Amino acid sequence: MLKRTKVVSLLAADKPEQQVLVKGWVKTRRDAKDFSFIELGDGSCLKNIQIIANNNLSNYDEVKKLTTGSSLAVTGALVESKGGNQKYEIVADNIEIYDVADEDFPLQKKKHSDEYLRTIAHLRPRTNKYGAAFRVRSELSYAIHKFFHDRGFRYVHTPLITGSDCEGAGEMFQVTTLDLNNPPRTKDGKVDYSKDFFGKEAHLTVSGQLNGEMYAMALGDIYTFGPTFRAENSNTTRHAAEFWMIEPEMAFADIYDDMDLAEDMVRYCVKHIMEHCAEDLDLFNKFVEPGLLDKLNNIVENGFARITYAEAIEIMKNSGHKFEYKPEFGIDMQTEHERYLAEVHFKRPVIVRDYPKEIKAFYMRLNDDGRTVAAMDVLVPGIGELIGGSQREERYDVLVQKIHEMGMHEDDYAWYLDSRKYGSVPHAGFGLGFERMMMLVTGIGNIRDVIPFPRTPNSINF
RNA sequence: UCCGGCUUAGCUCAGCGGUAGAGCAAUCGGCUGUUAACCGAUUGGUCGCCUGUUCGAAUCAGGCAGCCGGAGCCA
């Protein structure tokens, strides 16, 4: 029995073959006098293979009616093409038609807008651009695992459902099995969550970090890579309600180790994609973001700039640039500030560290100056914040005081605080939005177009 | 959530007070080792929804909805 060969292998063949079997979808069909050209793609690569369907095929009448989107199995000889645009093509001796796509198949032989393709997100991976994007997504995901694995990091699966109602990273989606039309009530009229599935309120996780820290305290270097949920009413090109996050955590590490890891990781992944997805990146470079390859090269070759928050404020103050929000020590950096630093001043990714403690999370380590924390953000041209990380506060007393200062309840963090009681060590980590790295690598400008089925406010189709 | 823009044929858009158009797609036919092929014909629209102004509204005004962009929140 003849085994199926993928299009990517056929196009890479070094010699003609007597007989091959290829299966895929019709991208377009053109009739010649005594035969028909079929462009067949199977998603294994950007390019299609050209099929020559001669009129001596037993089902030639049906072949001539094949529409874009139809599915086929083709058996035939792989021969050198007489046409100019491809090395090989297949002369079919048999075409088995799985399904003829209805004539209202919405993907036409032309460019479609991203907005329209979002309304047919179930079909858009069959287009060149989205096929390329999701091959890159798969490869990028592999690159991340490989990067950490090669460095001895362990992959930890932190929970998606959490009982901590305040992980401190945003609004949460509630998870419940109660009947919302008729929930059980306590005596004072409140919803009685002791009757809920977990016996208390539960939510989808907004971060695996706190759990991840516990495993860093045991396995040394760990990372998580999984979905994360934020119920923020954010309507931007950079936010989704469901997204994937990578969160490494290193024991015996400080903020400088953290920055090194972040930079190494981004550069490694970009390099990996440039080497393994060259054809797909060419498409993005041509049609999505002209100059993309130069930008990526720049990241791999030149690395990231590094400054403190205080230095960043000074740079902006002395820049002569008009900011809507005046840069002053103590402000939370606005998008315009981040963009200025990465896009105008440094023209490459920049890592800003040592932020005022008031604008950062409770678990970030207090610096010796008493007014800043060992936090770092990686800011990237075109995207803004790609990574947010910090050295964690490992001192029990300082951490407890911080929890109180921020109006949080010590009891809620009892298990977390245990890690600071039993062999606490300096440690650091960061969170990286996977989709934002996808945007960086592909040049695609909207987060909705780099995740297969995007979830955003008011939108949960497919 | 705030600010701005957009919504007309399957898709991309033009029309901006006088009653609906183009290109592409689809369908049919022709030509052809073609390359998002080419040539001809045909089909296709309560102009987002509601209210108002007007002799007359796709066009002007108000409201609503959806989408897009920017901002905030962040990854």
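Small disclaimer: the values here were computed from a predicted structure and weren't measured. Lettering of chains follows the sequences in order, A, B, ..., and the numbering in each one begins at 1.
Taking the six-membered ring for Trp and the full ring otherwise, the centers of His145(A) and Phe147(A) sit at least 6.0 Å from each other.
Rounded to a whole angstrom, the distance from the P atom of C60(B) to that of U8(B) is 15 Å. With P as the reference atom, A58(B) and U19(B) are 11 Å apart, rounded to whole Å. When the C1' atom is used for both C11(B) and A25(B), the distance is 7 Å, rounded to whole Å. C50(B) and A57(B) have their P atoms separated by 14 Å, given to the nearest Å.
A9(B) is unpaired under the criterion used here, namely a Watson-Crick or G-U wobble arrangement in which both key atom distances are under 3.5 Å. For C28(B), the paired nucleotide is G40(B), the pair qualifying as Watson-Crick or G-U wobble because both relevant distances are below 3.5 Å.
When heavy atoms are screened at a 4.0 angstrom cut-off, Asn233(A) is found touching base atoms of the nucleic acid. Using a 4.0 Å heavy-atom cutoff across all strands shown, Gln50(A) reaches at least one base atom of the nucleic acid. Phe243(A) comes within contact range of at least one nucleobase, with a heavy-atom separation under 4.0 Å. Here Glu336(A) lies out of heavy-atom contact (under 4.0 Å) with every strand.
Aromatic stacking of Phe434(A) on A75(B): not satisfied for centres closer than 5.5 Å together with planes under 30 degrees.
For the pair Arg137(A) and Tyr142(A), the cation does not sit on the ring face, since its NZ or CZ is not both under 6.0 Å from the ring centre and inside 45° of the axis.
Ion pairing between Lys47(A) and Glu279(A) holds under the 4.0 Å rule for side-chain N and carboxylate O. Taking a cutoff of 4.0 Å between a charged side-chain nitrogen and a carboxylate oxygen, Glu343(A) and Lys347(A) do not qualify as a salt bridge.
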